[in-house]
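Bear in mind the structure is a predicted one, so any value in this text is a computation, not a measurement. When reading the values below, keep in mind they use all heavy atoms of this one structure, side chains included, and skip hydrogens, waters and symmetry mates.
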Amino acid sequence: MSLVHLANTCSHLQNASRARLGLTSIPDTKFHLKLMLAMQNSGFISTVVRGGPTPPPTHGLLSHPTSSDPAAPIEPVTRHNISTRRLWLGLKYWNSTPVLEKLSLVSKPTRRIWMDVTGLKKLVLGQDAGYVKGLRKPGECIYVSTDRGILEARECVEQKVGGMLICRVG
Amino acid sequence: MSVLRSSECVFCHFSRSSRPAAVARRQFHSSPVHQKRKPRFPSVKSSSNDLNITQAAKEFPTSKNGQIPQHYSAEQRAAIEAAQKLIDLEKLEKQTGLRTDPWKMKYYDDLTKIDPVVDKPVRAPWTNIDDKSRLKTEDELEDDLIKFMQEIPAPKHENDFDPTLWDKFDKNLRLTVGREEAERAPRTALAPDLPNISETPRPKKTTKGDEVVVEEPPSPALVRLMQMTGYDRRQISRLRVKTVIMHQVVNQTRLGKISKTYVLSVAGNQNGLIGIGEGKAAEVTEALIQSQYRAIRNMTPILRYEDRTIFGDVSGKVSATELELYSRPPGFGLRCQKYIWEICQCAGIKDLAAKVTRARNPMNTVKAAVEALLSQKNPEDIARARGKKLVDVRKVYYAGQT
């Protein structure tokens, strides 16, 4: 769970969105994959596909690659190809503005922040909790690493679990 | 398709814009909307007709048949005669009667008349130019004079002559033959068929009870503003326009210091429209008018939550000035500095807090505040972009009434 790599990934995704790219890739780790799937669940990114150094072929009907495409099955990870695996992400745009506009770390590699349900509840209501600013912009999300996987802060409050704050997406 | 190409959202085309519709603007091109089209088929020339009308006219006995009215010319009567011979009356009756077949039209229209709603309107001719008009010859003028002389009543005594008669004749005498308008109101090369806008309008006088109210004509700048915005004078006077900054600025040239007045104004309709305008002129009043009119011209709609506050927190940055605007609950009021307060008043925002975090330059503060207000995002758009369903809990709680 390297936050250094995540910091690089955050900057990269922000840059790719500003450059209006349709597809981009990040290093393939279990942590990245879980976070990206959580973000896809929130609707920030359209697809998450594991591939090699070259982008996987696009789906026959859709304009982007999919993980469930029978024509382009996903290569299983082995110890020979693991270093070259990358996660290929489809970025989303709406009304010619990127859906994923801002991506920044909350926990830093030198200072990780854990929060319980009461703190998370405050954040979700828009109040500051500790040194973390509340979610006061419309549609802003904070992702939390919990023992039930990576969840959005609102889901954490719903399920009454706390955890480590990872990043803030807006 | 390259996978690295920027993706375009197909659904964006179907989404309605989140912003309210813009105010009516002037047309940005001078060409007419409907171009006059050429007919798709050339008209049939009479030469292609098999019937030789002139030949038939010669054969046609001039007044033998009493059925055809006499006011037709010989050619017309010949054509009628020929047509009567050719057309079988029984067949004609069958063809021109009301249709009974299943493909008949389901309505009955008199197509000989022009419907003012459906049909292309018949307009007055665009110009009153007459190609066939020419100057009267001397003989024709002489005839006019003789006609006039004959119309003068016989004098009862020696000095019985009405000079008004001659004046009337002199005034009404036409020097050309052809359409009357072509002579009376001819086209000029200076302004062909355009309204004369250079003419200064006269002050409009209206009586309000006993007193007479003299309305000054709009200045050229105001006329231009009205044309640009589509607002009339009364609507413009109803807008809230405030001058927030005014100071002297100096340009140092080799001839000396040239001083001018800089003015920044804010305009809004107190119902979601906001605009700022800058003006600079040697005269204070001129700069004021310039900035105010520019502010009105620059008015754009902003988003407001429940018509009282903003959607979430927004930030704006112009140069070293950075500020943050915070949405607040009902009844909070405007707790911010005077420049932002004035903008909120013009835009119709009632609950807001603001913090100017870095430089507090007044001009940049105003600009940054407007930028921040314009950078708001509609939650509905965000939800649509992410494919999520959105419910305003506040509205649901108060049963749709906020």
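Taking 4.0 Å as the cut-off between side-chain N and carboxylate O, R294(B) and E278(B) do not count as a salt-bridged pair. Salt bridge status for D381(B) with R384(B): absent, with no side-chain N to carboxylate O gap under 4.0 Å.
Atom OG of S291(B) is separated from atom CD1 of I296(B) by 9.5 Å, given to the nearest 0.5 angstrom. One finds the NZ atom of K280(B) at 12.5 Å from the CG atom of L264(B) (value rounded to the nearest 0.5 Å). Remark: L135(A) CG to E140(A) CD distance equals 5.5 Å, nearest 0.5 Å. Between the CD1 atom of I74(A) and the CZ atom of R85(A) there is a distance of 10.5 Å, given to the nearest 0.5 Å. Atom CD1 of I236(B) and atom OH of Y293(B) lie 7.0 Å apart (nearest 0.5 Å).
Residues E152(A) and Y143(A) have side chains in contact (heavy-atom distance under 4.5 Å, counting atoms from C-beta outward).
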Does V144(A) form a side-chain contact (heavy atoms from CB on, under 4.5 Å) with I150(A)? I'd like the steps, not just the answer. CA-CA 6 Å; V144(A) 187; I150(A) 293 180; over 6 Å; no
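Contacts between residues 331-354 of chain B and chain A, defined by a heavy-atom separation under 4.5 Å, are made by no residue at all. Of all residues in residues 110-121 of chain A, none places a non-hydrogen atom less than 4.5 angstrom from a non-hydrogen atom of chain B. By a heavy-atom distance cut of under 4.5 Å, V99(A), E101(A) are the residues of residues 99-108 of chain A near chain B, going up by number. Near-neighbour residues of residues 311-327 of chain B relative to chain A, defined by a heavy atom under 4.5 Å from a heavy atom of that chain, comprise F311(B), G312(B), D313(B), Y326(B), S327(B).
Under 3.5 Å, the side chains of H5(A) and T29(A) contain no donor-acceptor pair of N or O atoms. A donor atom on one side chain and an acceptor atom on the other are not found under 3.5 Å apart for H64(A) and S46(A). T78(A) and N81(A) share a side-chain donor-acceptor pair at under 3.5 Å. Remark: the N269(B) side chain and the R238(B) side chain contain no N/O donor-acceptor pair separated by less than 3.5 Å.
With a 4.5 angstrom heavy-atom cutoff, K388(B) touches chain A only via side-chain atoms.
Between T9(A) and the options I26(A), V4(A), L3(A), a side chain to side chain contact (heavy atoms under 4.5 Å, CB included) holds for only I26(A).
Closest approach of L303(B) and Q376(B) over heavy atoms only: O-NE2, 2.9 Å. Here the shortest heavy-atom pairing between R20(A) and S96(A) reads NH2-O, 3.1 Å. Scanning all heavy atoms of the two residues, the minimum distance from P301(B) to L273(B) falls at N-CD2, 3.4 Å.
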